[in-house]
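Working notes, beginning with the structure itself.
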Amino acid sequence: MDVRRVMAALTVSDLETAVDTYVRVFGMEVVMNHGWIAIVASPENPSVQFGLITRDRTGPVNMNASIEVDDVEAAHRAAQDAGMEIVHELQDEEWGVRRFFFRDRDGNVINVLTHL
């Protein structure tokens with residue numbers, strides 16, 4: 001299994017205001033906005049990005065970070081084998097990803113995904 005991308009995710013109360021702040025302060029641009037989560041990225045280096053999220057659409061809690069992998073089923077098995085708490089079961093989402101969440105031993109919630 002290869003990791004393709006790692007992205008921090010910040011929970012915000014007002015998505016539009018948060019997006020405006022990060023665009024203005026850092027010159028970032030919006031590369032995705034679903035109305036409940038937006039991803040902003042550096043125009044010069046698009047791999048430098050992070051998410052802003054109000055409330056996850058299908059997950060029971062918000063994530064602290066997302067890790068995109070090439071084999072989400074293998075990552076799911078590895079998380080289970082490591083004894084991680086699965087807080088959002090593996091499923092296909094309507095926005096084109098297959099994902100699950102696990103909570104690590106320190107309480108961080110990680111969204112593990114692959115694009116379909």
Side-chain angles (χ1 to χ4, degrees):
M1 170 185 50
D2 289 327
V3 173
R4 294 181 172 165
R5 177 176 59 113
V6 177
M7 180 188 78
L10 305 175
T11 296
V12 299
S13 60
D14 180 325
L15 187 61
E16 186 177 321
T17 299
V19 167
D20 183 60
T21 297
Y22 287 97
V23 167
R24 284 175 172 226
V25 171
F26 296 109
M28 300 182 97
E29 63 185 15
V30 178
V31 295
M32 184 196 80
N33 188 335
H34 287 304
W36 56 274
I37 186 171
I39 297 175
V40 294
S42 165
E44 293 81 29
N45 187 355
S47 65
V48 175
Q49 56 183 238
F50 62 91
L52 301 164
I53 183 170
T54 55
R55 170 79 173 77
D56 194 278
R57 187 162 179 193
T58 63
V61 296
N62 284 353
M63 68 198 84
N64 298 104
S66 284
I67 300 177
E68 182 182 352
V69 297
D70 67 341
D71 187 343
V72 73
E73 283 82 7
H76 186 258
R77 284 189 304 275
Q80 288 176 316
D81 291 348
M84 296 297 104
E85 174 191 1
I86 305 299
V87 296
H88 181 56
E89 286 300 327
L90 188 60
Q91 69 182 42
D92 294 346
E93 302 289 7
E94 65 184 46
W95 54 90
V97 300
R98 182 164 175 77
R99 71 180 184 153
F100 73 97
F101 293 2
F102 74 85
R103 187 182 324 271
D104 71 14
R105 288 174 176 82
D106 294 306
N108 298 298
V109 176
I110 308 302
N111 172 41
V112 183
L113 69 121
T114 193
H115 283 90
L116 299 173

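These figures come from a predicted structure and were not determined experimentally.
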Roughly how far, to the nearest 0.5 Å, is the NE2 atom of H88 from the CD1 atom of I110? 14.0 Å

Are the side chains of L10 and I53 in contact, using a 4.5 Å heavy-atom criterion? no

When L52 is tested against each of D14, T11, V19 for side-chain contact (heavy atoms from CB on, under 4.5 Å), which residue passes? V19

M7 and V31: same hydrophobic cluster, using ILVMFWY side-chain contacts below 4.5 Å? yes

Assess the residue pair V12 and T54 against the criterion (side-chain contact (heavy atoms from CB on, under 4.5 Å)); give the C-alpha distance rounded to whole Å, side-chain angles, the decisive distance to 0.1 Å, and a yes or no. CA-CA 5 Å; V12 299; T54 55; 4.2 Å; yes

Kindly say whether D2 contributes a backbone atom to a donor-acceptor pair with the side chain of D70 at under 3.5 angstrom? yes

Side-chain ion pair, R77 and D81, N-O less than 4.0 Å: no

Give a yes or no answer on whether the side chain of D92 reaches the backbone of R98 with a donor-acceptor pair at less than 3.5 Å. no

Is there side-chain contact between N33 and L15, with heavy atoms separated by less than 4.5 Å? yes

Nearest 0.5 Å, what's the CZ-NE2 distance between R99 and H115? 11.0 Å

E73 atom CD, over 12 foreign heavy atoms within 6.0 Å: yes

Please tell me whether F101 and I37 are part of a single hydrophobic cluster in this structure, the criterion being side-chain heavy atoms less than 4.5 Å apart. yes

Rounded to the nearest 0.5 Å, how far does CG of N64 lie from CZ of R103? 9.0 Å

So that I can tick it off, tell me whether R57 and E93 are bridged by a salt bridge, with the cut-off set at under 4.0 angstrom between side-chain N and carboxylate O. no

Grouping I, L, V, M, F, W and Y whenever their side-chain heavy atoms are under 4.5 Å apart, do F102 and I67 come out in a common cluster? yes

In this structure, CD of E44 is separated from CE of M28 (nearest 0.5 Å) by 10.0 Å

Has the side chain of D106 got a donor or acceptor atom that lies under 3.5 Å from a matching backbone atom of N108? no

A side-chain contact here means heavy atoms from C-beta on lying under 4.5 Å apart; do R5 and Q49 qualify? yes

Has the side chain of R55 got a donor or acceptor atom that lies under 3.5 Å from a matching backbone atom of G59? yes

Provide the full list of ring-ring contact (aromatic ring centres under 6.0 Å, His included) pairs with a residue in residues 40-78, sequence neighbours left out, each pair given once. Y22-F50, H76-F100

Please say yes or no: joined through hydrophobic side-chain contacts below 4.5 Å, possibly via intermediate residues, are V6 and V112 part of one cluster? yes

Write down the atom of M63, the atom of A9, and the distance for their closest heavy-atom approach. CG-CB, 3.6 Å

Donor-acceptor pair, distance only, cut-off 3.5 Å: does the side chain of D56 make one with the backbone of V61? no

What do the steps show when you test V109 against N62 for side-chain contact (heavy atoms from CB on, under 4.5 Å), and what is the final call? CA-CA 7 Å; V109 176; N62 284 353; over 6 Å; no

Who else is in L116's hydrophobic cluster (ILVMFWY, side-chain heavy atoms under 4.5 Å, direct or via others)? none

Keeping the roles fixed (side chain from T114, backbone from V69), state whether a donor-acceptor pair exists under 3.5 Å. yes

Is it possible for you to say whether I39 and V23 belong to one hydrophobic cluster, with membership spreading through side-chain heavy-atom contacts below 4.5 Å? yes

Determine whether M84 and R105 make a side-chain contact, defined as any pair of heavy atoms from C-beta on separated by less than 4.5 Å. yes

